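Remember, it's a predicted structure, so these values are computed and weren't measured experimentally. Every heavy atom of this structure was used, including side-chain atoms; hydrogens, water molecules and symmetry mates were not.
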Amino acid sequence: MKLGNVTEASCFFFTILIWLGGAFQHAEAAWGRPKQYRVIKRLRAGESDPRSDLVFRPTFLDDENEDANIITPEKILIVMDGFCPYHGSYLMRKAQDEKGVAVVPVLSEYLRNYLLVTEPEQADQWQSLRIPTTAEQAQEWMSHLPPNSQVVAIYCESDSGLEDAENLRKLLNVSCVDDPICSPARRDKYAMIEKVKEYGLATAQQKLCNSASDAIAFAQALLLERAGKTGRDPTRVVVKPFRGVASESVFLCISVQEVQEAWEFITDTTVFGAMSGAKHDTVLVQEFIEGSEYALDVVSRNGEHKIAAIWKYDKRPANGASFCYFRTKLVDASMEPRDVPLIQEYIRKALTALGVQYGLSHNEVIMTEDRGPVLVEINCRQHNMDFAPIAMACIGYNALDMTVDALMGSDGGVDDNMWDMYPDEPMLRAFGCMVHLVNFQKGVLLNVNHLDQISELPSFFKGEVYEKFQTIGAEIEPTVDIRSDAGWIQLLSEDHYELEEDYKQIVESMPTMFEVE
């Protein structure tokens, strides 16, 4: 990377790299990621790490401390399931340290029960983070908060806690709240598409099917209709559960047999986030939408939706799976002048249709050739990867900082002008991406190759191979979704061509990265 003729953007880029802790690192430092930044598969899929000890305590006034200089916070932020150090815990630190608000950590009922089973020795701690579910419980719970304080917002890190978070907002009469009428449609993938369709936006054809024969009949109708429109052989349909995350149990089917197998697989799995452990008794069959897939991180305040970051996915078939993540790359309107303005407008309308008023959302959309943008899904939580370093280097701010400013304001209030300082959409000052390491091997791990060469690439910033995939003698399985990938690499560069060439080299190394016997 040349430093001659340094532009204003270049100065900004290198300043941010210094802020992040240094520029491109050597292999030992870059691959030896600090413990607090490690992420396990549950975190990337929307769950919290049950073994994490990063539980923040409220910044309440100590009753026994008579120091008159201590001020009781006026504003309170409740953070549900906030274990991840670079999501919920980052946001808590931001709110406490920079806004001076009290942070109250709580657990969703789903995660609390999970922890009581898996970590019974810490049962007292998990029970202390229990949320109220009735008016009487809420009154008692609120009595332990600082006097003259107000719960302004509730932030939920996990997918499984979203319903509890919405119910708690209503129970505590929180000021930052979404439209309750649309609440189920913000989680149910079938209801979500129907609600967006009612708003007049383009959507995939779909049906929630109660039997395998129903799923097969609708899939055949979609295949025949698509073939008639295109004049080509029948194409594909998507079969998936109505609730889920991270492309889990999502099947791309081209035959009756594959639809039948998808039905059998999905109905043998439990409903995501279900307290009862109930299994699926339906499947969602959707038209397969072809085009470029984007993810937009959006922060909302009082119904105003600002785009924090725009990511373009590179998903490919691998190891028999239809949708494996290979890369998540930052883009903006200058890079994608046709697609980005249209998908931004579409997502803003979709969020409005679903009644989203406040907070952070991660929204996926496909840009088609003939119909424009078509929704994949809306997720009312953060993008489940360590996006902040890339966003800071390439944009100059990140969605979590925006969320705190949207919910709390710079002085701990909501009527603050910090929100107005953020632009409506991002503009890149450098190029960056997250590369997802796809493993193609099955067997006992003998060796891991190419890491030294990858760490010497010009755009390499940092990366991690997950513990299982660097433990010689461990049994490893091929990657079939984002839960089963082998690690990640972050690339940053001022030169887009350089970034693309480095990415190409990493992808070419993946089939031989892990040696097995």
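- Shortest non-hydrogen contact noted between Tyr155 and Gly88 is CE2-CA, 4.5 Å.
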Q. Where do Val365 and Val374 land on the side chain to side chain contact (heavy atoms under 4.5 Å, CB included) test, with the steps shown first?
A. CA-CA 6 Å; Val365 61; Val374 175; 5.6 Å; no

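- Salt bridge annotation for Arg338-Glu369: present, with a cationic side-chain nitrogen under 4.0 angstrom from a carboxylate oxygen.
- Proximity of Ser175 to Gln150: side-chain heavy atoms (C-beta onward) are separated by under 4.5 Å at one or more points.
- Ile454 approaches Ser509 most closely through the heavy-atom pair CD1-OG, 3.8 Å.
- Checked against a 6.0 Å centroid threshold, the rings of Phe431 and His496 count as neighbours.
- Between His362 and His383, the ring planes are parallel. Angles under 30° get that label, and only those over 60° would be called perpendicular.
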Q: Assess whether salt bridge (charged side-chain N to carboxylate O under 4.0 Å, His left out) is satisfied between Lys312 and Glu336, documenting all intermediate values.
A: CA-CA 10 Å; Lys312 190 172 185 179; Glu336 305 282 348; 3.1 Å; yes

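- The two residues Asn398 and Leu400 have their closest heavy-atom pair at OD1-N, 2.9 Å.
- A distance-only check finds a donor-acceptor pair linking the side chain of Lys306 to the backbone of Trp419 [under 3.5 Å].
- Taking the side chain as every heavy atom from C-beta outward, Ile310 and Ile343 approach each other to under 4.5 Å.
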Q) Hey, mind stepping through Ser183 and Glu166 against side chain to side chain donor-acceptor pair (under 3.5 Å) and telling me if it holds? A) CA-CA 8 Å; Ser183 176; Glu166 294 212 7; 2.6 Å; yes

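- Counting heavy atoms from C-beta on, the side chains of Met80 and Leu107 never come closer than 4.5 Å.
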Q: Run the numbers on Tyr422 and Asp405 for side chain to side chain donor-acceptor pair (under 3.5 Å), then give the verdict.
A: CA-CA 10 Å; Tyr422 291 103; Asp405 286 328; 2.6 Å; yes

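- Annotation for Leu201 and Ala350: closest pair CD1-N, 3.6 Å, computed over non-hydrogen atoms.
- Remark: side-chain polar atoms of Asp401 are not paired, donor with acceptor, to backbone N or O of Tyr397 under 3.5 angstrom.
- Looking at Lys329 and Asp314, no side-chain N of the basic residue comes within less than 4.0 Å of a carboxylate O on the acidic one, giving no salt bridge.
- Side-chain atoms of Ser484 and Asp481 include a donor-acceptor pair closer than 3.5 Å.
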(Q) Working note: Asp502 + Lys504, criterion salt bridge (charged side-chain N to carboxylate O under 4.0 Å, His left out); need CA distance, chi angles, decisive distance, verdict. (A) CA-CA 5 Å; Asp502 290 352; Lys504 180 180 178 181; over 6 Å; no

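- The heavy-atom pair separating Glu157 from Phe83 by the smallest distance is OE1-N, 3.5 Å.
- In this structure the side chain of Ile307 reaches within 4.5 angstrom of the side chain of Arg348, judged on heavy atoms.
- In summary, the aromatic rings of Tyr313 and Tyr294 are positioned with their centroids too far apart to meet the 6.0 Å limit.
- Side-chain atoms of Asp164 and Asn167 form no donor-acceptor pair, as typed in the model, at a separation below 3.5 Å.
- Between Arg327 and Glu500 there is a salt bridge, since at least one side-chain N of the basic residue sits less than 4.0 Å from a carboxylate O of the acidic one.
- Using modelled atom types, one finds no donor on one side chain facing an acceptor on the other under 3.5 Å when comparing Thr479 with Asp485.
- Side-chain N/O atoms of Asp81 and Ser158 include a donor and acceptor closer than 3.5 Å.
- For Cys156 against Gln382, the heavy-atom pair with the smallest separation is O-OE1, 4.1 Å.
- A donor and an acceptor atom, one from each side chain of Glu498 and Ser493, are located under 3.5 Å apart.
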